[in-house]
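Single-structure report; data block below.
Heavy-atom basis, side chains included; hydrogens, waters and symmetry copies ignored. If you're wondering where the values come from, they're calculated on a predicted model, not measured in any experiment.
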Amino acid sequence: MKRLAAVVTLLGLATATAACSGGSTNTSGSGGGGGGGLFTTIDVTRPGLDASGPANPWAPKGNSFQGYNAMKLGWVKNHLTDPNQFYPGIAASWEIAPDNSSITIHLQPNGKWSDGKPVTAEDVRTSIGLAYTTGSTAFAITPGAAGAAAEVQIVDDKTVKVTQDMTNPSMKFARGVMDSWVVPAHVWGTLLPAGFWDTIKTSRGEGADAEKAREEILALGQKVLAFAPPKDVSAGPFVLERVNPGEALLLKNKNFYNAANVAPDQVKFLNYSGNEQIWNYLSAGKLDHSGFVAAPADVMNRIKQAPGSNTIKGFSPVAVGMAFNQSKKPYDNVHVRRGLAYLIDRDQVTKVASPEGGTPAITTSGIHQKPAQEWIGSELSALEPYKHDVAKAEAEFKEAGLQKKDGKWALADGSPWKVTMTAPNGFSDWISAQENIKSQLVENGVDAEVVTVADYPVYLEEIAAGKYDVGFWLMALGPAPYDIYQRLYGVSNGWSNVAGKVTHNAPGKAGNWMGGAEEIDVEGVGKVNPGELTAKLNSASAEEAKPIMAQLARTANQDLPAIQLWDYVNTQFTNTARFTGWPEQDSDLLRLTAGVWIQLGMIKAKQ
């Protein structure tokens, strides 16, 4: 859900434009698989190419491109409610135990690395070991909410069984396993010292030996993050050939198990440093595919006029909320939060901020509106919609004790009240939304301002430190029920879930910047501890989760730790001039990269 930098230097634009050759056809290479040619794209999650970056999927600035030269065991489907559905990757098939206690993985029988060596169960085991050193999801030495692997067993050369530590089970354990990078043991294996798996076992205990083991594993993680293979050895459809400041070039891997159905001979990732560059690429028809980038209506119209321009839309399990620091007045008063909910016209905000990438939230439930009906059924229509209503807003403000003098609202003691909203620089949709909200508030007598900070990492650091009164907060992160509510009732609001044990931190401590009440009296439900309810979702089946989610939806709707503004729409940009076979509207492939679409054999060169 990255929003990209809005500022582009002329130098950066010139460099990338000069290097861009997207749209031309280069028939050199291995050919086959539907006509060959050059496929041009960008990595929408990572602005800026680093020519010195390694072909290392764990490196923050590496040159491993997901689905192209970087492979996972499987590719997660964009399902409304089930987190454990996948497309094949390194794994051809898998069986998940009914109680989620294990997953047995069968590798592609013809899977090979680009150097011709077979992909084996030992490659998977080594990759899982490397994942432990970086603390990846199911492979964390301090188990969190994703569960933890207890044992990795090589059944045979093409089969691996991974069992879950059932003292802290998670319904999305299989997802954590399948969503793992796989690298060749004959290139990466030397990073794991002899006795590594014994160290893993020791780290799960208590006392000095366990602590020493955990320190050793974390130290290995730094080596893994910095590791630079001498050359890219990939089990994916492409192999990295070269990188310069303007582009990264990948060539087709003739040893890829499904190479006969891979259309492009070459892939180029173009460099960019901001939204405007991507808009220019798309408007010129230079990209065969781009993930979503926020764009105003006039730019979107320009993009749509490019020859072959095409957009695909589907479900995106995330919403944006206007969230409150309740340790600061007057946001500790629920009537103030409700008054703001009534005062803000969400339709108008969405139209201004994200006309192509969002739909106005129908209410605050904590759940994206598309799966909400499936999770909580008729409960959804019983929630207060908080439709735009100035009279109701004023009634709520008066209930909170706020004063209105000379047409302007002040705090209960008569001192000035200014709503200060903060957003990271470059998040153009968030900033546009906040500017629109500011205008709406000022028009109705509430002083307001928008403050931007340097970038998203700074934003996350400062919001966690409790520096902001009001910020935008991603929420409703599906499809797993626990993930959906942990954004409202997890660490950021005081509750920590470590190895299945839930504790509550005071406002201002351990990342608790929202500062909501630990217990809430909810009409029709009674007193609830929303953090403990959320933690129960981590091990609950889908049917067990539904009544819990109904209670949490009521809680969020009544208490409003955040106002749910809009639910995102997954918008992908493609170009039909050179390739065909793109996913259909609402496809469950839309959150995966075009590299996955290519390796599955969908994309064909246009004849």
Side-chain angles (χ1 to χ4, degrees), residues 142-146 168 170 319 321-341 364-367 376 379 383-384 396 399-401 460 462-477 480-540 544-564:
T142 302
N168 175 34
S170 169
M322 178 178 173
F324 302 98
N325 183 342
Q326 296 176 50
S327 67
K328 296 190 175 184
K329 291 187 179 301
Y331 309 107
D332 59 333
N333 192 313
V334 70
H335 294 289
V336 172
R337 305 195 294 274
R338 291 177 188 165
L340 289 170
T364 294
S365 67
I367 312 172
I376 64 175
E379 186 72 24
L383 300 177
E384 171 57 47
E396 291 287 352
E399 182 73 22
L460 292 178
E462 293 190 345
I463 200 170
K467 291 186 177 180
Y468 306 154
D469 291 0
V470 178
F472 274 20
W473 192 242
L474 295 178
M475 53 190 285
L477 306 184
Y482 176 81
D483 291 348
I484 289 173
Y485 276 107
Q486 60 86 25
R487 294 289 292 186
L488 293 182
Y489 299 118
V491 172
S492 58
N493 208 356
W495 288 275
S496 297
N497 183 353
V498 178
K501 296 180 181 177
V502 180
T503 56
H504 187 266
N505 301 296
K509 304 289 185 183
N512 179 8
W513 67 268
M514 300 175 88
E518 185 175 359
E519 190 175 75
I520 300 169
D521 195 353
V522 181
E523 185 177 355
V525 178
K527 289 186 178 181
V528 301
N529 182 317
E532 292 185 351
L533 277 178
T534 298
K536 288 182 179 178
L537 293 173
N538 200 34
S539 58
E544 291 169 338
K546 288 179 179 178
I548 299 173
M549 295 180 78
Q551 291 184 40
L552 287 167
R554 277 191 176 233
T555 305
N557 184 257
Q558 174 185 303
D559 197 52
L560 294 180
I563 299 170
Q564 195 165 337

side-chain contact (heavy atoms from CB on, under 4.5 Å) involving Ala341 - partner list, sequence neighbours excluded: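 Counting only residues at least two positions away or on another chain, Ala341 forms a side-chain contact (heavy atoms from CB on, under 4.5 Å) with Tyr386, Leu560, Ile563.
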Results of side-chain contact (heavy atoms from CB on, under 4.5 Å) for Ala480 - residues two or more places apart only: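 Partners of Ala480 under the side-chain contact (heavy atoms from CB on, under 4.5 Å) test: Pro83, Lys172, Asp483.
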Nearest heavy-atom neighbours spanning [X] and [Y]:
{"X": "Pro530", "Y": "Leu552", "value": "O-CD2, 3.6 Å"}
{"X": "Gln564", "Y": "Ala319", "value": "NE2-CB, 3.9 Å"}
{"X": "Leu488", "Y": "Ala562", "value": "CD2-CB, 4.1 Å"}
{"X": "Pro481", "Y": "Met549", "value": "CB-SD, 3.7 Å"}
{"X": "Ile376", "Y": "Ala553", "value": "CD1-CB, 3.9 Å"}
{"X": "Val336", "Y": "Ala400", "value": "CG2-CB, 3.6 Å"}

Which residues satisfy the side chain to side chain donor-acceptor pair (under 3.5 Å) test with [X], sequence neighbours excluded?
{"X": "Glu519", "answer": "none"}
{"X": "Asn505", "answer": "Ser496"}
{"X": "Glu399", "answer": "none"}
{"X": "Trp495", "answer": "Asn529"}

Short side-chain to backbone donor-acceptor contact, Glu462 and Tyr468, under 3.5 Å: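 Pair absent, no side-chain N/O of Glu462 close to backbone of Tyr468.
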Donor-acceptor under 3.5 Å (Asn538 side chain, Tyr482 main chain): no
Pairs where residues 551-562 contributes a residue and the test side chain to side chain donor-acceptor pair (under 3.5 Å) is met, not counting sequence neighbours: Arg337-Asp559, Thr363-Asn557, Glu379-Arg554
Contact list for residues 507-540, test ring pair (Phe, Tyr, Trp, His ring centres under 6.0 Å), sequence neighbours left out: Trp473-Trp513
Once rounded to the nearest 0.5 Å, what's the spacing between atom [atom1] of [X] and atom [atom2] of [Y]?
{"X": "Asn512", "Y": "Asn493", "atom1": "CG", "atom2": "CG", "result": "5.5 Å"}
{"X": "Glu532", "Y": "Asn497", "atom1": "CD", "atom2": "CG", "result": "10.5 Å"}
{"X": "Glu518", "Y": "His504", "atom1": "CD", "atom2": "NE2", "result": "4.5 Å"}

Non-neighbouring partners of Tyr485 that pass ring-ring contact (aromatic ring centres under 6.0 Å, His included), sequence neighbours left out: none
Phe472 side chain reached by Met322 side chain, heavy atoms, under 4.5 Å: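 Yes - at least one pair of side-chain heavy atoms lies under 4.5 Å apart.
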Review item, side-chain donor-acceptor pairs of residues 327-334, under 3.5 Å, at least two apart:
{"from": "Ser327", "atom 1": "OG", "to": "Asn325", "atom 2": "OD1", "distance (Å)": "2.5"}
{"from": "Lys328", "atom 1": "NZ", "to": "Asp469", "atom 2": "OD1", "distance (Å)": "3.3"}
{"from": "Lys329", "atom 1": "NZ", "to": "Asp332", "atom 2": "OD2", "distance (Å)": "2.9"}
{"from": "Tyr331", "atom 1": "OH", "to": "Trp417", "atom 2": "NE1", "distance (Å)": "3.1"}
{"from": "Asn333", "atom 1": "OD1", "to": "His335", "atom 2": "N", "distance (Å)": "2.9"}

Lys546, NZ: over 12 other non-hydrogen atoms inside 6.0 angstrom: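 Counting other residues, nucleotides and ligands, NZ of Lys546 exceeds 12 neighbours.
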Salt bridge (Lys or Arg N to Asp or Glu O under 4.0 Å) pairs, two or more places apart, involving residues 487-507: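 Listed once each, the pairs would be none.
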